[in-house]
Protein chains: 2
Amino acid sequence: MRSRIEDVAEAAGVSMKTVSRVLNHEPNVREEMRQRVMRAVEKLQYRPNLSARSLAGQRSYVVALIYNNPSRNYLMEVQSGMLEACRASHYNLVLAPVGAQKQRKADDMKAVFENFSPDGVVLIPPLTDDEVVLEYLEAHDVPFACIAPKQAQDRIGVNMEETRAVQELMAGLIALGHRRIAHIKGPPAHGACQWRLKGYRDALRKAGIEYDPALVVAGEFSFESGIEAAKHLLDLKPRPTAIFAANDDMAAGVIRAACERGLSVPEDVSVCGFDDTPIARHIYPALTTVRQPTAEMGRLATLQLLDRIRNPEAGAMVHVEHTLLFRESTQPPTRR
Amino acid sequence: MRSRIEDVAEAAGVSMKTVSRVLNHEPNVREEMRQRVMRAVEKLQYRPNLSARSLAGQRSYVVALIYNNPSRNYLMEVQSGMLEACRASHYNLVLAPVGAQKQRKADDMKAVFENFSPDGVVLIPPLTDDEVVLEYLEAHDVPFACIAPKQAQDRIGVNMEETRAVQELMAGLIALGHRRIAHIKGPPAHGACQWRLKGYRDALRKAGIEYDPALVVAGEFSFESGIEAAKHLLDLKPRPTAIFAANDDMAAGVIRAACERGLSVPEDVSVCGFDDTPIARHIYPALTTVRQPTAEMGRLATLQLLDRIRNPEAGAMVHVEHTLLFRESTQPPTRR
DNA sequence: CTGTTAGCGCCTTCAA
DNA sequence: TTGAAGGCGCTAACAG
C-alpha cells in the first residue's frame with residue numbers, strides 16, 4: 001500500500017502538518033526537522049496523493065493548453081515544451097481544443113473549467129487575442145500566459161522578434177540580388193501576420209525598393225492556401241524572382257505550385273518560409289526559413305504561468321531568439 | 001460558488017447517495033427519482049468535483065498514453081483520437097513519454113504512476129511489445145490497450161490488416177507493370193516491420209515474382225534513414241523501377257535522394273509509402289500511400305480501454321479499414 | 001429501492 | 001516554530 005503523510009509523520013516523529021510544510025516549501029521549519037522529514041519521505045518512498053492535495057488545497061495542479069485549429073506541428077512542439085515544464089513541477093497538462101464559432105467557443109471554455117478546473121492556462125495564436133477567451137479568463141480571474149500574442153502589453157508569456165527575423169531573412173534575399181520579392185501573408189487574427197508583413201515592408205524600405213501591393217497576397221497558413229496564392233503570383237508579369245511565405249506550410253504549397261507549372265525552385269523562383277517545421281527539411285528543395293524555438297517557447301510560457309500561479313505579481317514577457325536558415329530553396333535571381 | 005452534491009440532494013429532496021447513484025449510472029434507482037435528480041442537477045448547473053471523486057473512489061479518471069520516440073505526426077493523431085474518447089467519458093489524458101534505455105524507461109514508468117495514478121494506459125508501437133513496460137503493467141495489474149501490437153493474442157485495442165493493405169498496394173504496383181520492386185523496412189521492434197514485409201513478399205509470390213533479398217534494406221522510419229536506404233537502392237544495377245518504403249517519412253527521403261541524383265519521380269522510379277501523413281500530400285510528387293485511420297485508432301483503443309476499466313472482462317481487439325491512395329509518385333515503369 | 005455513516009489523504013485554521 | 005482538529009466533496013459499506 002502507498003504510504004500517506006501520516007506514515008511519514010510517524011516515521012519522522014513529527015506532526016502531519018510539519019511534513020506538509022516541508023513538502024510544500026513553506027517557511028517556519030527548522031532545518032533539522034526538514035532533514036528528518038526528508039529522510040522519512042525517502043525511506044517510505046512517499047509521494048503526495050494528487051487528488052487529496054487538490055481537494056484540500058482547492059487547486060487542481062492542472063495547466064490547460066487552449067487552442068483552436070493551429071498547425072499540427074506547432075501544437076505538437078508547444079505541447080512538448082509545456083510537458084517538460086509541467087513534469088518538473090508536478091503539474092498536469094490538459095489539452096483543450098475549443099470551437100471556432102463564438103457560442104461554441106464559450107461553451108467549450110466553460111466545459112474545460114468545469115471538468116478540470118485548471119489553475120492556469122497557456123494560449124497560442126490566434127487565441128492569444130481572442131475576445132471570448134480573454135473575457136472568460138479575466139472574468140474568472142484565471143492566470144494565463146501567451147505565446148506570441150498580437151498585443152503583449154500587460155501580458156506574461158513568450159515573444160520572439162518576428163519583425164526583426166523577417167527583416168534579416170529579407171535582407172538575405174536582397175543581398176542575393178532579389179528586387180521583386182512577393183509575400184504571402186498569414187491570417188490577420190495571428191500577430192504573426194502583422195509582424196511578418198511589417199518585417200517585409202521594413203526590409204524593402206531599408207533597401208530602397210518600392211513596396212508593390214500587387215506582390216502581397218493573403219494566405220491562411222495552410223498548404224492549400226499557399227498553392228492558391230502562388231498560382232496568382234507566378235502568373236504575374238514580370239514574375240517575382242522570390243516569394244516569402246509567412247510560414248513553411250504555405251511555402252511548401254508555393255513549391256508545389258511552381259513544380260506544377262514546370263518552374264523549378266530556386267532556378268526560376270526562390271522561395272522561403274517561416275518556422276522551420278519538419279517539412280522544411282523534408283521537401284525538395286529544402287526550404288530557406290527562420291527557425292522559431294517553438295518547444296522552448298512552450299516551456300518558457302509555462303514557467304511564467306507557474307510563477308504567476310504561485311504569486312499573482314510574478315511572471316513576465318520573455319523573449320527568445322530566432323535562427324536564420326538559408327537552404328536550397330533560395331539563390332540569386334537568374335538573368336533572363 | 002460551485003454547487004455540491006449535497007445542494008443537489010437538498011434541491012431534489014433526496015439523499016446524497018441517491019444523487020451519486022444517478023450520476024454514476026448505478027442501478028437501483030426509480031425512474032422518477034432519477035428525473036428529479038437530473039432536474040436539480042440541471043437547475044444548479046452541478047458538475048462533480050473531480051478531485052473529491054477521485055479521492056473517495058480510489059481512481060484518478062486519468063488515462064495515460066505511454067510512448068517512446070514515435071513519429072510526431074503519428075503521436076499527434078493518436079492523441080487527438082484519444083482526446084475525443086476521453087472527453088466523452090470525462091476522463092483526462094496524460095501524455096507519458098518514457099526513455100529508451102531499460103533503467104530509464106522503468107523509472108519513467110514508475111514516475112508516471114506515482115504522479116498521476118492512471119486508471120489505464122494506451123500503448124503505441126514500439127512500446128506495445130516492450131518487455132519492461134508490459135511487465136510493469138502486468139505486475140501492477142493496470143488495464144491497458146494496444147494500438148497495432150506485434151502480438152495481439154490476449155490483448156485489447158486496435159489493429160489494422162497491414163499485411164493485406166500492403167498486398168493491395170503492391171498488387172497495384174505490379175498491375176502498373178513493375179517487376180523489380182524494392183522495399184525499405186521499418187525497425188524490427190514495430191509490428192509494422194514484419195506485417196509490411198510479409199505483405200511485400202506475399203504480393204511478389206502471388207504475382208510469380210522471385211523475392212530478391214538485395215532489394216530489401218533496413219530503415220528506421222525516419223526521413224534520414226529513407227535517404228540512406230534509397231542511396232543504396234538507386235545505385236543498384238539494374239535499378240529497381242519502384243520502391244515501397246514502410247512509411248511516408250522514409251518515402252519522402254527516397255524522393256529527396258532521387259532528386260539529388262537527378263532522377264525524377266515517378267518517371268525514373270516510382271515511390272510509395274504508408275500512413276498518409278500530411279507530408280504525403282505536401283511533397284512533390286504527392287505520394288502514393290496507404291491511409292491508416294490513426295486518430296480513429298486512438299479513439300477506438302481508448303474506448304476499449306475504458307470498457308475494460310469499468311469491467312475487467314470487457315474490451316476486445318477491434319479492426320479498422322485502410323484506404324489505398326494512388327497519387328502522383330507512381331506510374332508504369334518506363335522502357336529504357 | 002433509499003438513506004446514514006465513515007472515511008479517502010491532505011491542507012487550513014487556530015491554538016500552543 | 002510546531003501541533004490538533006476540522007473539513008474539502010465524494011463514494012463505499014452497510015442499514016433500513
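Below, read A as the first sequence line, B as the second, and so on, with proteins coming before strands; counting in each chain starts at 1.
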| Counterpart residues, ring pair (Phe, Tyr, Trp, His ring centres under 6.0 Å), relative to Y74(A) (two or more places apart) | none
| Modelled atom types, side-chain donor and acceptor of D275(B) and Q292(B), under 3.5 Å | yes
| Which residue pairs pass the salt bridge (Lys or Arg N to Asp or Glu O under 4.0 Å) test with at least one member in residues 106-123 of chain B, sequence neighbours excluded? | R47(A)-E114(B), R104(B)-D108(B), K110(B)-E114(B)
| message | For chain B and DNA chain D, what are the first and last nucleotides along the strand, 5' to 3', with at least one atom under 4.0 angstrom from a heavy atom of the protein chain? | response | dG9(D) to dA13(D)
| OP1 or OP2 of dG3(C) sitting under 4.0 Å from any side-chain N/O of T18(B)? | yes
| query | Among all residues two or more places apart in sequence or in another chain, which pass the ring pair (Phe, Tyr, Trp, His ring centres under 6.0 Å) test with F113(A)? | reply | Y136(A)
| field | nucleotides 7-16 of chain C: protein proximity per nucleotide (B base, S sugar-phosphate only, - neither; heavy atom, under 4.0 Å) | value | BBBBBB----
| field | Residue pairs fulfilling salt bridge (Lys or Arg N to Asp or Glu O under 4.0 Å) with at least one residue in residues 1-12 of chain A, sequence neighbours excluded | value | R4(A)-E6(A), R4(A)-D7(A)
Check residues 23-31 of chain A and write down every donor-acceptor pair under 3.5 Å in which the side-chain atom is one partner and the other belongs to a residue at least two apart or another chain.
residue: N24(A); atom: OD1; partner: R53(A); partner atom: NH2; Å: 3.3
residue: N24(A); atom: ND2; partner: S20(A); partner atom: O; Å: 2.9
residue: N24(A); atom: ND2; partner: S20(A); partner atom: OG; Å: 3.4
residue: E31(A); atom: OE1; partner: R34(A); partner atom: NE; Å: 3.2
residue: E31(A); atom: OE2; partner: Q35(A); partner atom: NE2; Å: 3.0

Show me the donor-acceptor pairs within less than 3.5 Å that the side chains of residues 301-308 of chain A make with the rest of the protein, sequence neighbours left out.
residue: T302(A); atom: OG1; partner: G298(A); partner atom: O; Å: 2.7
residue: Q304(A); atom: OE1; partner: A316(A); partner atom: N; Å: 2.8
residue: R308(A); atom: NE; partner: A314(A); partner atom: O; Å: 2.9
residue: R308(A); atom: NH2; partner: A314(A); partner atom: O; Å: 3.2

| field | Pairing residues for Y61(A) by the ring pair (Phe, Tyr, Trp, His ring centres under 6.0 Å) criterion, not counting sequence neighbours | value | Y91(A)
| remark: the helix from dC1(C)-dG16(D) to dA16(C)-dT1(D): angle between terminal helix axes, five bp per end, to the nearest 10 degrees, reads 30°
| Sequence neighbours excluded, every pair satisfying salt bridge (Lys or Arg N to Asp or Glu O under 4.0 Å) that has a member inside residues 62-72 of chain B | E77(A)-R72(B)
| note | Quick note, salt bridge (Lys or Arg N to Asp or Glu O under 4.0 Å) partners involving residues 79-102 of chain A, not counting sequence neighbours, are none
